Amino acid sequence: MDPQSQFVKGAIWARGLPPDELEKAARGISERVFAKGAQICRRGERLDYWTGIVEGLVKIGAVSRDGKAMTFAGAASGSWFGEGSMLKDEPRQYDAVAIRASRIALMSRATFMWLYDHSQEFNRFLVRHLNERVGQFIATIENDRILGPRARVARHLSWFFNPVLYPQVAAELAISQEELGLLAGVSRTLANRALQELAAEGIIAFERSAIRVLDHGRLRAYDDT
DNA sequence: TCATTAAATTGTT
DNA sequence: AACAATTTAATGA
């Protein structure tokens with residue numbers, strides 16, 4: 001089996017799909033490589049693909065007219081996004097930027113719609129996926145408006161351990177402090193301080209380019225005010 | 001396999 | 001934003 005169908009077979013939405021549907025899905029997926037800093041899609045632009053991260057790290061967010069950046073979510077290896085634009089057939093409502101060099105899987109609109117029309121399992125996944133995202137977006141509003149930088153870093157970290165949105169993230173997350181800072185909307189300096197404090201409290205442990213979560217409950221609820 | 005160099009990451013100011 | 005210290009990756013003997 002070639003590497004591509006290997007990836008498709010292991011995708012989170014592929015679990016429970018019958019082999020014929022899986023094969024149809026695999027045929028509708030292509031792959032592209034994005035360099036660090038490259039834009040995968042821009043707000044207002046059309047991108048007629050459902051997007052999955054084979055390998056890498058992507059920041060999903062928007063920039064207001066006065067230049068304020070707001071992160072909606074991060075996307076790590078194994079994450080998929082863009083189903084909203086597929087279902088509604090409209091331009092993207094956000095920017096997606098590769099924070100590090102990333103391999104991106106693109107599922108054509110036709111394939112996505114075929115699965116949507118034919119596969120009960122795929123629909124089940126979509127509902128679950130959207131449900132998790134709504135919960136995360138609600139939390140994001142609080143996150144960016146109320147919480148301080150340390151708590152923001154903590155929440156962004158804890159999201160990576162949501163098994164529906166980030167299926168491949170295990171006990172240890174491979175991310176640098178700079179990348180985490182980009183996602184949480186804080187400077188690398190503050191990200192560094194936040195991690196040190198979280199580690200001092202025994203919530204996480206970190207080493208070079210990797211973070212282990214020791215206490216998911218406290219990380220998720222972390223509040224520094 | 002080891003040594004040297006370059007690049008990336010981190011802690012601090 | 002800039003600096004020094006440290007780790008990892010890459011290169012070639």
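Nothing here was measured: the structure is a model prediction, and the numbers come from that model. Lettering follows sequence order; numbering is per chain, from 1.
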Worksheet item: Does a distance-only test, which skips hydrogens and angles, find a donor-acceptor pair under 3.5 Å between the side chain of A:T189 and the base of C:dA1?
Response: yes
Atom pairs under 3.5 Å: protein N/O with N/O of nucleotides 6-10 of chain B:
residue	atom	partner	partner atom	Å
B:dA8	N3	A:R208	NH2	2.8
B:dT9	O4'	A:R208	NH2	3.0
B:dT10	OP1	A:S209	N	2.9
B:dT10	OP2	A:Q177	N	2.8

Response to the item:
ring pair (Phe, Tyr, Trp, His ring centres under 6.0 Å) test vs A:F122 passes for just one of A:Y116, A:W50, A:W114, namely A:W50
Worksheet entry | A:R128 vs A:E132, salt bridge (Lys or Arg N to Asp or Glu O under 4.0 Å): CA-CA, chis, key distance, verdict | CA-CA 6 Å; A:R128 212 152 43 97; A:E132 295 291 341; over 6 Å; no
Practice prompt. State, with a plain yes or no, whether a side-chain heavy atom of A:E207 is found less than 4.5 Å away from one of A:E172.
Written response: yes
Side-chain donor-acceptor pairs of residues 181-190 of chain A under 3.5 Å, sequence neighbours excluded:
residue	atom	partner	partner atom	Å
A:S187	OG	A:L190	N	3.2

Discussion item. How about CD on A:E31, more than 12 heavy atoms from neighbouring residues, nucleotides or ligands closer than 6.0 Å, or not?
Written reply: yes
